[in-house]
There are 2 protein chains.
Amino acid sequence: MSVQERKQRERAERERLIVATARELAEQQGWDAVTTRRLAERIEYSQPVLYSHFRGKREIIGAVALGGAAEMAAAVRAAASAADGPRARVTALARAYLDFADRNPAVYDAMFQLDGGLAFAQEDTPEPLKDAFAALLESLSEVAGDGVHPGLFTEVFWAALHGLATLTRSGRLPPGDAERRVELLVDRLAVV
Amino acid sequence: MSVQERKQRERAERERLIVATARELAEQQGWDAVTTRRLAERIEYSQPVLYSHFRGKREIIGAVALGGAAEMAAAVRAAASAADGPRARVTALARAYLDFADRNPAVYDAMFQLDGGLAFAQEDTPEPLKDAFAALLESLSEVAGDGVHPGLFTEVFWAALHGLATLTRSGRLPPGDAERRVELLVDRLAVV
DNA sequence: TCGATTGTCTAGCGGTGCTAGGATTCGAAT
DNA sequence: ATTCGAATCCTAGCACCGCTAGACAATCGA
């Protein structure tokens, strides 16, 4: 059985390689540059190999998104746990979120802009996505305010962050006042 | 000269037809279905004709976006002017914005999700875009609060609306509680 | 050693945005 | 009325896309 196990390991390793390469290529040249041909060339296999791991390009995007969600959850939790007090935690969380989006635009797109074929806000939502939301919820429920459902508050806060992240990156908001916008957002939304 | 004038009129009319057809097709079947071939077929001309009006598909998206911006500005102003008091105006504005995004998803995408080659938040930003932002600013500056720059406040409020609009439509936020989210957002952001 | 299974590749399908270059139409000047 | 020149439009094609059928080679179990 050891031979089969080795093959399985190698297969899993190759799958990781595909996802990592897709992510790398997307961050370097944008998702438009991530074509099945280029991706196949980079991993030094032919195109059909991609389809033996994923149903199509969409699923590859989805795989990148899941990895990114785990990473973002960790980043948000790390930032929050390093801050003292609910208010400081929320500010740190907001900065960490926007920082992640800024540093990993392609991954962020895979998670929240592109179609990766993933289910959101449902029972069959993949665990990393649920957990990323949970990471936001943990710090945000502290400042939701009395009588306000923490989940609902988190959704609104998240939506605001998402709007800031996407509009800023696409040049639709001037890049300069990012920090002031974060402060205003936290000031108003968070109930001390 | 009348012949030339007629030709110019016909050309302008055909350009409107292209933009209207692109918008229609995008709303019916999504922007992916708006290919130069299909678009050319619908307007009953060959593909190269499109390129005598626009540099490429991107510019067509941009043209749709400009028309949409004018429409959205009007919708927002109409809703705001029908409400009494600053607080009610902002609620009406938020509902009108989200309603527009919901009813015209393809146009909304052309404006805020896709690349239409338009300049945002700069001097050379097209007038309809500036005016759409101005329409938000008019009602929102009433509730920005003392010492808060109205433009900055509008940016934050707009970003929140944009996040709600896009995350809801892509299924990343549960569709049910949309109204409650709007109320929470207005409650917290607007200074009565 | 042989047959079957697994793995991988070449080649190709129908589609995309975009364009070169030829054909046609049509106004204007003789 | 005829001819010339310019403007207009279309056919055909380029390089690329996501995806897949089917041929081929390598590997495994008997």
Side-chain angles (χ1 to χ4, degrees), chain A residues 1-19 21-23 25-26 28-65 106 109-110 114-118, chain B residues 1-19 21-23 25-26 28-65 106 109-110 114-118:
Chain A
M1 290 300 125
S2 136
V3 171
Q4 287 191 13
E5 285 173 8
R6 194 204 67 219
K7 290 209 168 187
Q8 260 187 325
R9 270 203 319 274
E10 288 173 354
R11 229 187 112 74
E13 180 50 39
R14 192 172 63 179
E15 189 159 315
R16 272 192 296 274
L17 177 64
I18 292 173
V19 177
T21 306
R23 173 171 173 166
L25 190 50
Q28 286 172 357
Q29 307 179 228
W31 276 106
D32 281 351
V34 184
T35 70
T36 54
R37 280 171 181 78
R38 252 191 289 261
L39 188 49
E41 194 189 7
R42 285 230 185 173
I43 64 169
E44 295 180 313
Y45 283 94
S46 66
Q47 287 182 68
V49 165
L50 300 174
Y51 292 86
S52 77
H53 289 271
F54 302 96
R55 285 175 164 281
K57 190 181 173 178
R58 177 198 298 210
E59 270 196 7
I60 297 177
I61 294 174
V64 171
D109 282 347
L114 302 176
D115 179 11
L118 302 175
Chain B
M1 292 300 126
S2 136
V3 170
Q4 287 191 11
E5 286 174 8
R6 195 205 66 220
K7 290 208 168 187
Q8 260 186 325
R9 269 202 318 274
E10 288 172 354
R11 230 187 111 74
E13 178 51 39
R14 193 173 62 181
E15 190 159 315
R16 272 192 297 273
L17 176 64
I18 291 173
V19 177
T21 306
R23 172 171 173 165
L25 191 49
Q28 286 172 357
Q29 307 178 230
W31 276 106
D32 280 352
V34 183
T35 69
T36 54
R37 281 171 179 77
R38 253 192 288 260
L39 188 49
E41 194 190 6
R42 284 229 185 172
I43 64 168
E44 295 180 314
Y45 282 96
S46 67
Q47 287 182 69
V49 165
L50 300 174
Y51 291 85
S52 76
H53 289 271
F54 301 95
R55 284 175 165 279
K57 189 180 174 180
R58 179 197 297 209
E59 271 198 6
I60 297 178
I61 294 173
V64 171
D109 282 346
L114 302 176
D115 180 11
L118 302 174

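Chain naming here is simple, since letters A, B, ... match the order of the sequence lines and numbering starts at 1 in each. Everything quoted here is computed from the prediction, not taken from an experiment.
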Taking all non-hydrogen atoms of both residues, which atom of [X] and which atom of [Y] are closest, and how far apart?
X	Y	result
B/A63	B/V19	CB-CG2, 3.7 Å
B/L25	B/R38	CD2-CB, 4.2 Å
B/A110	B/A65	O-CB, 3.5 Å

Spatial distance of atom OH (A/Y51) from atom OG1 (A/T36) [nearest 0.5 Å] | 4.5 Å

Length of the line joining [X]:[atom1] and [N]:[atom2], which is rounded to integer Å:
X	N	atom1	atom2	value
A/I61	D/dC17	CD1	P	14 Å
A/L50	C/dG7	CG	C1'	15 Å
A/E41	C/dT8	CD	P	18 Å
B/E44	D/dC9	CD	P	14 Å

With B for base contact, S for sugar-phosphate-only contact and - for none (protein heavy atoms under 4.0 Å), nucleotides 10-23 of chain C reads B-B---BBBBB---

For atom CD of B/E44, decide whether the heavy atoms of other residues, nucleotides or ligands shown that lie under 6.0 angstrom number more than 12.
-> no

Determine whether A/V64 and A/W31 make a side-chain contact, defined as any pair of heavy atoms from C-beta on separated by less than 4.5 Å.
-> yes

Apply side-chain contact (heavy atoms from CB on, under 4.5 Å) to A/E41 and list each qualifying residue two or more places apart in sequence or on a separate chain.
-> none

Tell me, please, which residues at least two apart from B/L17 pass side-chain contact (heavy atoms from CB on, under 4.5 Å).
-> B/T21, B/I43

Strand-adjacent residues in residues 10-19 of chain B, judged by heavy atoms under 4.0 Å from DNA chain C | none

Counting only pairs under 3.5 Å, give me each side-chain donor-acceptor contact of residues 53-62 of chain B, with atom names and distances, residues two or more places apart or in other chains.
| unit_1 | atom_1 | unit_2 | atom_2 | d |
| --- | --- | --- | --- | --- |
| B/H53 | ND1 | B/E15 | OE1 | 3.0 |
| B/H53 | NE2 | B/R14 | NE | 2.9 |
| B/H53 | NE2 | B/R14 | NH2 | 3.0 |
| B/K57 | NZ | B/V34 | O | 3.0 |
| B/R58 | NH1 | B/D115 | OD2 | 3.4 |
| B/E59 | OE1 | B/R55 | N | 3.0 |

Starting from the first five and the last five pairs of the helix from C/dT1-D/dA30 to C/dT30-D/dA1, work out the angle between the resulting helix axes, to 10 degrees.
-> 20°

Result for salt bridge (Lys or Arg N to Asp or Glu O under 4.0 Å) between B/E13 and one of B/R9, B/R16, B/R11 points to B/R16

